[in-house]
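Please read the structure below before turning to the comments.
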Amino acid sequence: MSPVARRYAQALTEEAQSAGSLDAVDADVALVADTLGGSRDLRLALTSPVVSHDKKAAVLERLFGGQVSDLTLRFLHLLVQNERDGQIPEIVDAYRLLRDERTGTVEALVRSAKPLDHAEIDRLKGALEARGGRTVRMRYEIDPALVGGLVVRVGDVVYDRSVRHQLESLRDQLAERAAVSLN
């Protein structure tokens, strides 16, 4: 995270805290992140030096006006005004990281071969929270290449309980044994 993104994210956090609207801004930032994440064209328009600041401000107003708090909308306009519009995705990510640090939340990316039901999700979340002692926010992806099982990444730690990984481990063990027995 760049120092500029961190400073802007910190400023938004402090302003939201002083206004007593941290929860609203958290929800707003999640909406902005999801919207940016779902539209490559929007990200390109916001980061393009060719698109005027007035057009960027108008796009943000149309997208988020009435959808986010006044504080968040003013913040987005401030970024455009200060020519930081190209850094909105990075600033949004920095805000979420700072908020997670403050609340002791960690994000877990869960990849599974098939969709998980609610009971499986609850058990997995409970186990991760018990193991790490922190609140876990989970994101899910379906990855049929795993064959079965799942892979969970929490920060830098990866728990790989996929069938594909187990098959690769078995293959490596057999190859090692074959090499030892030939000597």
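Side chains are part of it too, since the values below use all heavy atoms of this structure and drop only hydrogens, waters and symmetry mates.
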Atom pair [atom1] ([X]) and [atom2] ([Y]), whose distance is rounded to the nearest 0.5 Å:
X: Ile121; Y: Asp117; atom1: CD1; atom2: CG; answer: 7.0 Å
X: Lys114; Y: Leu146; atom1: NZ; atom2: CG; answer: 12.0 Å
X: Leu128; Y: Lys125; atom1: CG; atom2: NZ; answer: 10.0 Å
X: Leu42; Y: Ile88; atom1: CG; atom2: CD1; answer: 8.5 Å
X: Leu60; Y: Leu46; atom1: CG; atom2: CG; answer: 5.5 Å
X: Leu36; Y: Leu63; atom1: CG; atom2: CG; answer: 8.5 Å

Hey, mind stepping through Arg96 and Glu101 against side-chain contact (heavy atoms from CB on, under 4.5 Å) and telling me if it holds? CA-CA 9 Å; Arg96 295 177 90 181; Glu101 286 174 12; over 6 Å; no
When you look at Asp100 and Thr105, which way does the side chain to side chain donor-acceptor pair (under 3.5 Å) test go after all the steps? CA-CA 5 Å; Asp100 286 351; Thr105 301; 4.5 Å; no
Smallest heavy-atom separation, Ala94 atom then Ala5 atom, equals CB-O, 3.7 Å
Taking every non-hydrogen atom, the tightest pair across Ala108 and Val152: CB-CG1, 4.3 Å
Going by heavy atoms in the side chains, are [X] and [Y] under 4.5 Å from each other?
X: Ser112; Y: Asp143; result: no
X: Gln10; Y: Glu14; result: yes
X: Gln87; Y: Leu79; result: no
X: His53; Y: Glu83; result: yes
X: Arg84; Y: Tyr8; result: yes
X: Val68; Y: Leu31; result: yes
X: Arg99; Y: Asp26; result: yes
X: Gln81; Y: Arg74; result: no

Joint hydrophobic cluster, [X] plus [Y], side-chain heavy atoms closer than 4.5 Å:
X: Tyr95; Y: Leu98; value: no
X: Val59; Y: Val51; value: no
X: Leu97; Y: Leu22; value: no
X: Val151; Y: Met138; value: no
X: Val4; Y: Phe75; value: yes

Do the side chain of [X] and the main chain of [Y] share a donor and acceptor less than 3.5 angstrom apart?
X: Glu107; Y: Val136; answer: no
X: Ser39; Y: Thr35; answer: no
X: Ser21; Y: Ala24; answer: no

Does atom CZ of Arg131 have more than 12 heavy-atom neighbours, drawn from other residues, nucleotides or ligands, at distances under 6.0 Å? no
Considering residues, nucleotides and ligands other than Asp122, do more than 12 of their heavy atoms fall under 6.0 Å from its CG? yes
Given the rule in the side-chain contact (heavy atoms from CB on, under 4.5 Å) test, do Leu44 and Arg40 qualify, once you have shown the distances and angles that lead to the verdict? CA-CA 6 Å; Leu44 290 174; Arg40 180 178 179 269; 3.4 Å; yes
Can Arg134 and Glu129 be counted as an ion pair, charged N to O under 4.0 angstrom? no
With Leu76, which of Asp28, Leu12, Val32, Val92 fulfils side chain to side chain contact (heavy atoms under 4.5 Å, CB included)? Val32
Side chain to side chain donor-acceptor pair (under 3.5 Å) between Ser52 and Asp54, intermediate numbers included: CA-CA 5 Å; Ser52 74; Asp54 290 339; 5.3 Å; no
Stepwise side-chain contact (heavy atoms from CB on, under 4.5 Å) check, Val25 with Ser69: CA-CA 7 Å; Val25 172; Ser69 68; 4.2 Å; yes
